Structure formats: structure tokens, C-alpha cells
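The structure under discussion appears below in the form of C-alpha cells.
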Amino acid sequence: MKNRFGHHFRALLSEALKQLYSTDINPNDISFQETKKEFSGDITLVVFPFTKFSKKSPEQTAQDLGAYLSENSGLTENFNVVKGFLNISIKNEFWLAYFKDIAHDLKSVLTDDQPKQGAESTLMVEYSSPNTNKPLHLGHVRNNLLGLSVSKILKAAGHKVIMVNLVNDRGVHICKSMLAWQKFGKGETPESSGLKGDHLVGKYYVLYDQKLKEEIAGLVKEGMQQEDAEKNASLSQEVQEMLRKWEANDAEVISLWKKMNSWVYKGFDETYKNLGVSFDKIYYESETYLLGKKIVNEGLEAGAFYKKDDGSVWVDLADAGLDQKVLLRSDGTSVYITQDMGTAQLRFDEYPNLQKLIYVVGNEQDYHFKVLIEIFKKLKRSWAGGLHHLSYGMVDLPSGKMKSREGTVVDADELIKEITESAEMTTKALGKLDNYDDAAAKKLYHDLGMGALKYFILKVDPKKRMLFNPAESIDLNGNTGPFIQYTYARIKSVLAKGAGQLDNKAFESLSISPEEKALIRILYDYPATIRSAAEAMSPAQIANYAYELAKAYNHFYHDHIIVDSADGLRTSFRLNLSQSVAFTIQHALDLLGISAPERM
RNA sequence: GAUCCCGUAGCUCAACUGGAUAGAGCAACUGCCUUCUAAGCAGUAGGUUGCGCGUUCGAGUCGCGCCGGGAUCACCA
């Protein structure tokens, strides 16, 4: 049971078991659940587990416990027993009292309900982490949306969160686009070509691959073996040479590298802005890739790692069920994981209060992070248990996997553009643009398009692989972002109509309809939903919650007149209820990075 | 080959971590705008939860074995 009164009833039930059956059960081992809607009641206790103590039938046990709880809880209206299920109805007064609180100040209720956590619960979320050799694609979009939303949810749950990005700005793959531009670019720039910087650089990354393939094909035609041709192709040798020069700080190469990276960053900034993501701090791999060697040496001295005859350094993780892993090459240079060891150490040095370091990285790197965590356990770092890989599934297309070589990658910028245009078309077709100036209309299209996209991606459990169907992602009906946004705008419209009629708050005397009670119940669940979503690091829980709430509100809206001149108290109640729902929807959407338009 | 993840309605996803008759949306069909936004509401239809054993009062959920899909197993990142 996620509700707070679950706690109240757990303690009481524990006492009941002691009184009635002389059995000691820890209240935390007891759980209540929501009553299914086909039965009457609010919360349900499954009594089967207790029959072995009561030595009575499930029905009789439920009766006994129900009578006890009913007498002693002070919250119980009545109860009924169906088979082994004890259904308890909570008094309307309880719901109305809670509602009075949130109608008075929902914001405080939300924050008061989260555990008080100070700077000692600082968390760091690393996400996005792009390569600077090509533009962002759909896979990055899922990463960015998850990283942003998880960060916001953790903040809402009372943590201090530092959002960081680790930009992969160096390495062979970066040199490939640099080399191709140098050889074939003829000085092309974003300005001269009109191309967005990251797309321009991406173009040369692709071009490198093409040219290399051509060269290899030529060599093979001349009689060389495929493998030798790949090694001996002048392009791949030049790339290696360029990387060596980069690492040797060669002025010309560094200058080219800086120039092209600056193009990419400008392009990324635009995409990030459209996605609504931001970072508190950006790490660059060019500045961190050498970190970690010291840790390797330390581990070597401590006997946690070992050196092979050729000079390479390894860690043996067999006792953790993993393999051996290389940490330093035989020439002494560092590999990918060495860098990650260094940055992790750096971050815990920089932020001594850091409780958790959360990596938002795709599940193809599950093994990598298992290794990283085991390494730090072996090094006996106190914070090793604070490393957490938030592993998310790949994004598939209806046509199958995204493959950059086959050109089936969905480009992030293109996607954003199309989805915004689609929102524009629908909005115009529905004729909803009275009194909008151009700027407001443009913002609305963007908010709706991004609302559709973000909700579509975030409503799926992060752990699961998901299918991205472009046609469905722009859908605005049913279980979609715009449906929830629409509900918000609709409430805003009602509130405008009832302006000035919210002040009468003597709700105690009101009887409430099932639809109204359902709404209060759902509102009541929100703080616990935030906690649960934070613990699971799952924006999907927030998305599903927002949908449930919007759906319940539309049901209520359909069945009841809100602004009723004949009944001021009821009007005030329903307006307050509507306002609370609007606030909660807006809050939940914000946790997903989605904005709620005032009208649409 | 080894290890890990996933199989729920035609499609996309839920199912409060072992509880009642497995729920939503899309697509299909049927109703509801003279009343606060119809991007809405209500209804019909759609299931042997991949298959088989087992654990127990109870299994989509836990265990074992198959079948199918994916990922990882570089001195790449």
C-alpha cells in the first residue's frame, strides 16, 4: 500500500494480531492494497497469510480483523468480506479533511510529504554523453529525456541533484571526421553551407567511412587481402597519425579539433534547447581521459590488479562472476574504463557528500558498469555501492533496429521538426487558434509536439526495450501527452469561468460523488507516487499517474456541472478540486519535462 | 559457445513487486456537442500472459527445462 493511511493501518493490524491471535508480526511486513473497483471499499487486506495464526477460515479471520480495525482505527466507515479479502471503506470526512489541506496549499503538502534530506543526500546524474562526431539521434533522445526527468523526480523527492554531461570529444572517431574535412572539405563551414554544425561534422564522418571503403575495395582489387587492406589503407594510417599528433598536442591538429568541436557544440546547444535539457556541469573526455592511471597504479600496489609480462595491467573479477579486464595497455595508455575510473574518483573528490552517482547509459553497457563497480569494490572505496547504472533499453523502429550505416537512424533535429509541424497541422485543423499571435502559436506547436514525443518515450518503463513508431508518436488522442495537456487547458478554462468563486471552503458538510472521491484519492496518491518513481528511477510511473488523473478528471467533468450559480458551496468545492487537479497535472508534466499550455 | 535482458488483446504499453474476474490506448464497430474546450465522454468486440513442469491457500510475477527475439563477452568507446 503506498498510501499514508496504509501505515496507520499496518500498525493497528499488528496490534490486532497480537490481541486476537497472540502473534507478533512486524508492521512493515504487512501490506494493504487498493480495493478493486468492482468491490466496495477503499483499501483491502488479504487475510490468507494470517489464517495459520487464527486457525479459522479466511472469512472468519477477515471478520475478526475487520471488526477490530473498525472499532479502533477511527477512520473506518464500514467493511465487508469477500472470500479471504477484507475491504475497508474510509470515512468521507477523512477524504474531505485531506482535500481541505491540499485546497489550502497543495505545494506544502507535496513537499512536507517527502523525507527531509539535506546536502548529505546529494546525487549526481550523468546523462546525454554524446560523441562530437555526429548529430544526436533517437537513441540520444531517450537518454536525454530520461536523464532530465529522473533528475527532476529525484529533486521532487527531496534530494539535491547535480546534472552532468560527459562529452566524448576525443579519439579515433573524432579524428575521422577531422581528417575527412581536412582532405575533402574545401574549407566548408556551417556558415558557408548553411548546415547545422553537428550535421556538418557528421557529414564528414560518414564521408570518411565511404572514402575508406573505396580505398579498401581498390586495394583488394589489386590483390590484397581484406584484413591487410584495412590496416594498410592510407586513410586509416593517416587517422592514427592524426590521433598521435592530437595526443602530442600538435598545434595544427588541436586548432582543427577546437574549430570543428565548436561547430558541434553550437549544434548540440540548439538541440538541447529544443529538448529542454540542461546541465549543471559538463565534463570533457579530453580533460579526463588520462585520469585513472593513478588509481590503476594504486590498485597494482595494493595487489588488487596484476601486470602481465607485456606490461599491460589487468583486473581479475572471477570471484564476482566476471572475467579479466584490461585496465592499461601494454604501451601504458589508458582504455575506456580507465577514464571512467578516473572521472568517478574525481567526482567523489569534488563532491564529498555525493551519495550516489547515477549513469544514464544504454543497456548494451551493462557489463561495463558491472566491471566498473566491482573494480571500486576491490579498491575498497566506501562509495562503491553508490555507483548506479540506470540502464535503459534500445529504441527500435517499426522497420527494425536503427543502423547508421544503412541510413535508418532517426535524426533528433529532424524528429523534433516533424513532430512540431504535425502538432501545427492538427491544431489548425481543429480550428483552435483564436486570439493567438504568431509567437504564441509557435510556442504552442512546440509544446504540443514535444509533449507528444516526451510522453510517448517516457511512459515506457526505462528498463524495457521500446518501439518507436513515428506515426503513433504524433498521435494526440488517447494515452498521449497532448491528452493530458488538453485536460490541463480545459481546467484552466473552467477556472476562468468560475473566477472569484473559490473562497467558500466549508466542505465538511458536503456529500461527495464517486467521481469526486476518485479524484481526491488519486491526488492523495501523488506524493507516494513521486517517492516510488524516485526510488525506481522511473518516469514511467509519473507518466502513468498523470494519465490516470487526467482520465479521472475528464470523467468527472463530463458527469458534473462545475460552475453552478444555484449552489455556491458546491461550485467552490468543484473549482477547488479542479484547481488541485490542474496543479498536480502541471507538476507531474513538469517532472517529465513537458510544459502545460494554458489553452489549446 | 558463455553470460545477461525480454516474450501480456491485431498493434503500443500497464498490472502497486505473490493476491480477487489480467487493465488502458490505438485500430474496428455504436452512441453523445443549443449547456464550463468533442485533442473529450460512454459502450461493443478482442486473452490458454511464448510452451511445459514445479513451488503454494493463490503465479503474468518465483524456480527448472524448452522455443523465439535482443545485447554483451576488444590492449574499441
Side-chain angles (χ1 to χ4, degrees), chain A residues 1-3 31-36 38-39 44 46 48-49 51-52 58 82-85 87 131 168 170-173 285 289 308 310-314 321-323 325-337 339-340 362-368 370 391 393-394 396 398 401 423 426-427 429-430 432 448 456 459-461 463-469 471-473 475-480 482-487 489-498 525 528-529 532 536 540-541 543-544 547-548 550-551 554-555 557-564 574-575 578 599-600:
Chain A
M1 190 75 210
K2 47 186 182 176
N3 295 331
S31 83
F32 286 82
Q33 55 186 301
E34 250 175 65
T35 304
K36 293 249 174 192
E38 54 267 44
F39 301 96
T44 294
V46 183
F48 292 108
T51 53
K52 60 179 163 222
V82 182
K83 292 191 276 180
F85 297 86
N87 303 317
N131 292 345
N168 188 333
R170 61 161 287 279
V172 221
H173 49 300
E285 214 190 290
Y289 82 106
K308 284 194 179 173
D310 61 6
S312 57
V313 179
W314 295 70
L322 306 173
D323 282 331
K325 181 86 187 169
V326 69
L327 301 178
L328 280 186
R329 296 192 184 95
S330 48
D331 63 4
T333 58
S334 53
V335 292
Y336 179 55
I337 200 160
Q339 179 273 136
D340 258 345
N363 64 8
E364 75 272 17
Q365 294 199 39
D366 283 356
Y367 186 78
H368 171 79
K370 271 186 197 163
S391 163
M394 300 286 98
D396 286 325
K401 276 189 68 173
T426 309
T427 305
L430 289 170
K432 298 225 172 190
L448 291 178
F456 187 86
K459 75 173 178 186
V460 182
D461 185 334
K463 292 194 294 287
K464 294 194 178 163
R465 190 182 185 88
M466 68 169 288
L467 187 104
F468 185 85
N469 186 330
E472 282 175 22
S473 73
D475 201 340
L476 312 176
N477 301 314
N479 188 359
T480 66
F483 168 87
I484 300 165
Q485 290 171 311
Y486 172 76
T487 307
R490 196 182 217 187
I491 296 174
K492 283 296 174 174
S493 170
V494 184
L495 289 173
K497 189 187 173 193
D525 278 343
T529 303
S532 166
Q541 293 188 15
N544 289 332
Y547 176 64
E548 286 304 318
K551 209 163 53 142
N554 281 323
H555 184 59
Y557 178 93
H558 182 264
D559 287 2
H560 300 284
I561 293 165
I562 295 168
V563 180
D564 178 4
R574 288 181 175 161
L575 284 171
S578 300
R599 58 204 173 96
M600 63 185 272

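As the structure is a computational prediction, the values presented were derived from the model and not from experiment. Chain identifiers are assigned alphabetically (A, B, ...) following the order of the sequence lines, protein sequences preceding nucleic acid strands; residue numbering begins at 1 within each chain.
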When the [atom1] atoms of [N] and [M] are considered, how many whole Å apart are they?
N	M	atom1	answer
B:rC41	B:rC36	C1'	15 Å
B:rU21	B:rU3	C1'	40 Å
B:rU8	B:rU44	P	26 Å

> Is it true that the side chains of A:Tyr336 and A:Gln365 contain a donor and an acceptor less than 3.5 Å apart?
Replying inline: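 Looking only at side-chain atoms, A:Gln365 and A:Tyr336 do form a donor-acceptor pair, the distance falling under 3.5 Å.
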>> Using ring centroids (six-membered ring only for Trp), state whether A:Phe456 and A:Phe468 fall under 6.0 Å.
In response: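 Yes, ring centres under 6.0 Å apart.
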NA contact type, [X], heavy-atom cut-off 4.0 Å: base, sugar-phosphate, or nothing?
X	result
A:Leu328	nothing
A:Val563	base
A:Leu322	nothing
A:Asp461	sugar-phosphate
A:Val460	sugar-phosphate
A:Lys464	sugar-phosphate
A:Gln339	nothing
A:Tyr367	sugar-phosphate
A:Asp366	nothing
A:Lys36	base
A:Pro58	nothing
A:Leu467	sugar-phosphate
A:Ala540	nothing

>> Rounding to an integer number of Å, can you tell me how far A:Lys497 NZ sits from B:rU37 C1'?
In response: 12 Å
Indicate whether OP1 or OP2 belonging to [N] is found under 4.0 Å from a side-chain N or O atom of [X].
X	N	result
A:Asn477	B:rG40	yes
A:His558	B:rA42	no
A:Lys432	B:rA39	yes

> Please walk me through it: do A:Met600 and A:Lys432 pass side-chain contact (heavy atoms from CB on, under 4.5 Å)?
Replying inline: CA-CA 6 Å; A:Met600 63 185 272; A:Lys432 298 225 172 190; 5.8 Å; no
> Taking for each residue the nucleotide of RNA chain B bearing the nearest heavy atom, is the 5' side occupied by A:Met466 or by A:Phe85?
Replying inline: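 This one resolves to A:Met466.
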> More 5' along RNA chain B: A:Leu430 or A:Arg465, using each one's nearest nucleotide?
Replying inline: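 The 5'-side residue here is A:Leu430.
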> With the threshold set at 4.0 Å, does a side-chain nitrogen-carboxylate oxygen contact exist between A:Asp461 and A:Lys463?
Replying inline: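 Salt bridge present between A:Asp461 and A:Lys463.
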>> Quick check: any donor-acceptor pair below 3.5 Å linking the side-chain of A:Thr480 to the base of B:rA39?
In response: no
> Looking at B:rA20, does its base get a donor-acceptor pair with the side chain of A:Asn87 below 3.5 Å?
Replying inline: yes
>> For the residue pair A:Lys325 and A:Trp314, would you count it as a cation-pi contact if the rule is NZ or CZ under 6.0 angstrom from the ring centre and within 45 degrees of the ring axis?
In response: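 Here A:Lys325 fails the 6.0 Å and 45° test against A:Trp314.
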